[in-house]
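Each chain gets a letter, A, B and so on, in the order the sequences are listed, and its residues count up from 1. Note that this is a predicted model, so its numbers are computed, not measured.
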Amino acid sequence: MAQLAAVIGTGQTKYKTKRGDVSIAGLLREAAVAALEDAGLGFDDIDAVVIGKAPDMFEGVVMPECYLSDALGANGKPMLRVHTAGSVGGSTALVAASHVQSGTFRRVLTVTFEKQSESNAMWALSTPQPFSVHLNAGAGGYFAPIIREYMRRSKAPYDVGIKVAVKDRLHGARNPLAHLHKPDITMAEVEESMMLWDPIRLLEACPSSDGACAMVIAAEDAVDSSAKPPAWIRGGAMRSEPTLYAGRDEVNPRAGRDCAADVYRQAGISDPRRQLNCAEIYVPFSWYEPMWLENLGFAEEGQGWRLTMDGATSLDEGGDIPWNPSGGVLSSNPIGASGMIRFAEAARQVRGDAGAHQVAGAKLAMGHAYGGGAQFFAMWIVGADKP
Amino acid sequence: MSPADPLTQDFELGFTYTRSTGPVVGRFLTGLRERRIEGVRASDGRVIVPPMEYDPDTAAALEDFVEVGQEGELVSWCWVSEPRAAHPFERPFAWGMIRLDGADVPMVHCIAADSEQDLVTGARVRASWVDEPRGHISDIRCFELVEGGAS
């Protein structure tokens, strides 16, 4: 990257089941205004706007960037919409960052959102196709057999996913913006919850949320407007692969491994578990924590579940590498925004701005998003120290 | 089967959605239920009908509501000589841009007229309401020409 860039403002709505009091524009607006206030800026200070959301069919709004330009102060400025399924929140942040790193713009506002209460994400995600059997599966149905294959390969105990579900909800109970607040959740409660897509139980799955997340990304000479320190972007990478091809490893996708290697190389990381202080990783179904621990090199293949069971990823157990201190996707899931929330929460950690879910002294953090059939990956590493 | 005769299959895809109007468009639609047409004052003083949530120039949130008249003048139109099933009339009519009294920008609605020859830029038109308004843009059934109102 040619120019240094940093996050100088983040803004999020409170995540809820239904925000019937606002339009889609009003929902984004809350996050955008919060990010601008955090950055010490107004709409006039922004040079370009980059938005992201899940597929148009989810909410039935085609080309939402046209409808949303007034609400985001984008009239007369470049406005771009990014689209990479569930990873869109992460790739939108990276496109916004590249707008600054390229030297083209000094301050970029980036916003992602989803109003699941008004959308049809479940069925728009698995559309029937001519000449084919319609599985009516939804996201959980797609990932369930991949999780079962991970369980078979790793010989992990049956309750690893249950542990993740409890851990992330205890983290979420510390985060006032999280959708689910379950400070008294137990392993037994998760285990007894309804089996949705065997082996994924209800409480091992993410909720459906309304919400938006925004960030302001600035060039090196424009980071001082915020009262808080900048989160320097130390590396960013995206990778994609087809949903299906002969020899594809869906449990440990090549695109995820390659994307992690790229972002680690940029940030000078050889041992992510030791060198990073925390990570916000896209875990919409509980078992994806041990799977991504391996895919991202925090553990050897087949060993990721041991970190989870040892409490290494838990704030409450004093783990050495807390994953999803904000509560993660398991606590809040406005789909189009979920990836950006990971990226913004990583920035909040290294700015010392994460409140009750702050990882003490965090200097280097990772944000991660995946989408589609675990085929789109977006990752960044942000640091308190200027590279 | 020959290569010139490929398989085809009808394919229909549909989903249900919900919309929340928010405080600005919601207020406009609620006003229609009471046969009231409201706009909003923009940062440059213009009254915009239907109202916008955010100012197109400054991005400011707009909330200074202004009731406008039920009459206005025709700015431009498009005559529909052969209405189809989805149209609001079975007989020929016009889609028109109507600048209501007190408003600074025109809004789109349908115009009932016997013939395109009756339409002229600047013609006076008046809102005609349905019997039981419910908070929908079609609570205004159409705009009708005001007798002798051409200006």
Do you know which two heavy atoms are closest between B:T8 and A:F131, and how far apart they sit?
C-CZ, 3.7 Å
Just wondering, more than 12 heavy atoms not from A:K228 lying within 6.0 Å of its NZ?
yes
Contact winner vs chain B - A:G42, A:A71, A:G76, heavy-atom pairs under 4.5 Å:
A:A71
For each of A:K115, A:K18, A:R19, A:R29, tally heavy-atom pairs with chain B at distances under 4.5 Å, and name the one with the top tally.
A:R29
Is A:F58 in contact with chain B via its backbone, its side chain, both, or neither, using a 4.5 Å heavy-atom distance?
backbone
Evaluate whether atom CD of B:E63 has more than 12 neighbouring non-hydrogen atoms of other residues, nucleotides or ligands under 6.0 angstrom away.
no
For chain A, which residues of residues 15-40 of chain B have at least one non-hydrogen atom nearer than 4.5 Å to it?
B:F15, B:T16, B:Y17, B:T18, B:R19, B:S20, B:T21, B:G22, B:P23
Of all the residues in residues 128-139 of chain B, which have a heavy atom that comes within less than 4.5 Å of a heavy atom in chain A?
none
Residue part contacting chain B, namely of A:N120, when any heavy atom lies under 4.5 Å:
both
B:Q9 versus chain A, heavy atoms under 4.5 Å apart: side chain, backbone, both or neither?
both
Is it the backbone or the side chain of B:A61 that comes under 4.5 Å from a heavy atom of chain A, or both, or neither?
both
Inspect the surroundings of CG in A:D221 and state if more than 12 heavy atoms from other residues, nucleotides or ligands are less than 6.0 Å away.
yes
Please say whether more than 12 non-hydrogen atoms of neighbouring residues, nucleotides or ligands are located less than 6.0 Å from CZ in B:R126.
no
Would you find more than 12 non-hydrogen atoms of other residues, nucleotides or ligands less than 6.0 Å from A:D224 atom CG?
no
Using non-hydrogen atoms only, which part of A:S117 is less than 4.5 Å away from chain B: side chain, backbone, both, or neither?
backbone
Taking B:Y54's backbone N and O only, do any of them form a donor-acceptor pair with A:D70's side chain (distance below 3.5 Å, no angle check)?
no
Looking only at heavy atoms, the pair that brings A:A25 and B:E53 closest together is CB-OE2, 4.0 Å
Identify which part of A:V61 has an atom lying under 4.5 Å from any heavy atom of chain B, answering side chain, backbone, both or neither.
both
